[in-house]
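For reference, the structure discussed in these notes is given below.
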Amino acid sequence: MQHIQGNFGIDQGEVMPFSHFENDGPMWSGTGEREVCHRVTFAVPFARPPVVHVSVTMWDLAAEVAARLDIRSQKIDQEGFTLRAGTWSDSRIARLRVSWLAFGACRDDDMWEIG
């Protein structure tokens with residue numbers, strides 16, 4: 001469990017780390033282990049690396065193969081994180097959209113706003 005003291009900040013967003021259907025990219029046309037990494041930058045830096053939660057909001061895949069997907073946040077720092085999306089075997093993913101939520105300590109009192 002991570003304990004946070006002081007002011008608390010939340011940032012959120014949504015990204016489409018890839019759309020490989022149009023250009024026969026590796027997540028759509030490849031086989032075996034494949035991954036795409038996408039760097040996400042926070043609107044305002046946190047005081048320390050925050051907790052980051054990611055979830056799938058849209059997953060467009062081929063119907064004739066098994067659905068395999070592994071998503072995670074990696075390399076989390078005060079400025080942002082890397083979203084990693086991976087698949088394997090014969091799965092074919094045309095495109096993916098992921099929402100993210102980061103929460104952690106703010107850098108100073110002036111950065112806390114409710115709007």
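Predicted model, so just to flag it, every value in this text is computed and none were measured.
Clustering of Ile, Leu, Val, Met, Phe, Trp and Tyr side chains at separations under 4.5 Å leaves Val65 isolated, with no partner residue.
Note on ring orientation: taking the six-membered ring where Trp is involved, the planes of Phe103 and Phe8 are tilted (angle from 30° to 60°). Note: Phe18 and His20 have tilted aromatic rings, judged against thresholds of 30 and 60 degrees for the angle between ring planes.
Between Phe42 and Ala102, the shortest heavy-atom contact is CE2-CB, 3.5 Å. Contact between Arg48 and Ala105 at its shortest, heavy atoms only, is NH2-CB, 3.5 Å. When all heavy atoms of Pro26 and Arg34 are compared, the closest pair comes out as O-CD, 3.0 Å.
In summary, Asp77 and Lys75 do not engage in a salt bridge, as defined by a charged side-chain N under 4.0 Å from a carboxylate O.
In this structure the side chain of Ser99 never reaches within 4.5 angstrom of the side chain of Gln12, judged on heavy atoms. For the pair Leu101/Val52, no side-chain contact is recorded, criterion being any heavy-atom separation below 4.5 Å from C-beta on. Side-chain contact between Thr31 and Trp88 is absent, with no heavy atoms from C-beta onward closer than 4.5 Å. Side-chain contact between Leu96 and Met16: absent, with no pair of heavy atoms (C-beta onward) separated by less than 4.5 Å. Side chains of Val15 and Leu83 form a contact here, defined as non-hydrogen atoms less than 4.5 Å apart. Contact annotation: the side chain of Leu69 approaches that of Val56 to within less than 4.5 Å [non-hydrogen atoms, C-beta and beyond]. Side-chain contact between Ser55 and Trp100 is absent, with no heavy atoms from C-beta onward closer than 4.5 Å. Put simply, the side chain of Met27 reaches to within 4.5 Å of the side chain of Val36, judged on heavy atoms.
Trp28 meets the ring-ring contact (aromatic ring centres under 6.0 Å, His included) test with Phe21; sequence neighbours excluded. For the side chain to side chain donor-acceptor pair (under 3.5 Å) test, no residue two or more places apart in sequence or in another chain qualifies with Glu79. Not counting sequence neighbours, Thr41 has no partner by the side chain to side chain donor-acceptor pair (under 3.5 Å) test. Judged as a side chain to side chain donor-acceptor pair (under 3.5 Å), and not counting sequence neighbours, Ser73 has no contacts. The side chain to side chain donor-acceptor pair (under 3.5 Å) check on Glu64 picks up Arg92, with sequence neighbours excluded.
Distance CG/Asp24 to OG/Ser29: 4.5 Å, rounded to 0.5 Å. If you take CZ on Arg72 and SG on Cys37, they are separated by 10.5 Å, rounding to the nearest 0.5 Å.
Without hydrogens or angle criteria, Ser91 side chain to Ala66 main chain gives a donor-acceptor distance under 3.5 Å. Counting only distance, with no hydrogens or angles, the side chain of Arg84 and the backbone of Ile71 share no donor-acceptor pair below 3.5 Å. Side chain of Arg97 to backbone of Arg95: no donor-acceptor contact under 3.5 angstrom is found.
Hydrophobic clustering of Ile, Leu, Val, Met, Phe, Trp and Tyr side chains at less than 4.5 Å, counting indirect connections, unites Val51 with Ile10.
At a cut-off of 3.5 Å, with distance as the only test, no side-chain donor of Arg68 or Thr87 sits close to an acceptor on the other residue.
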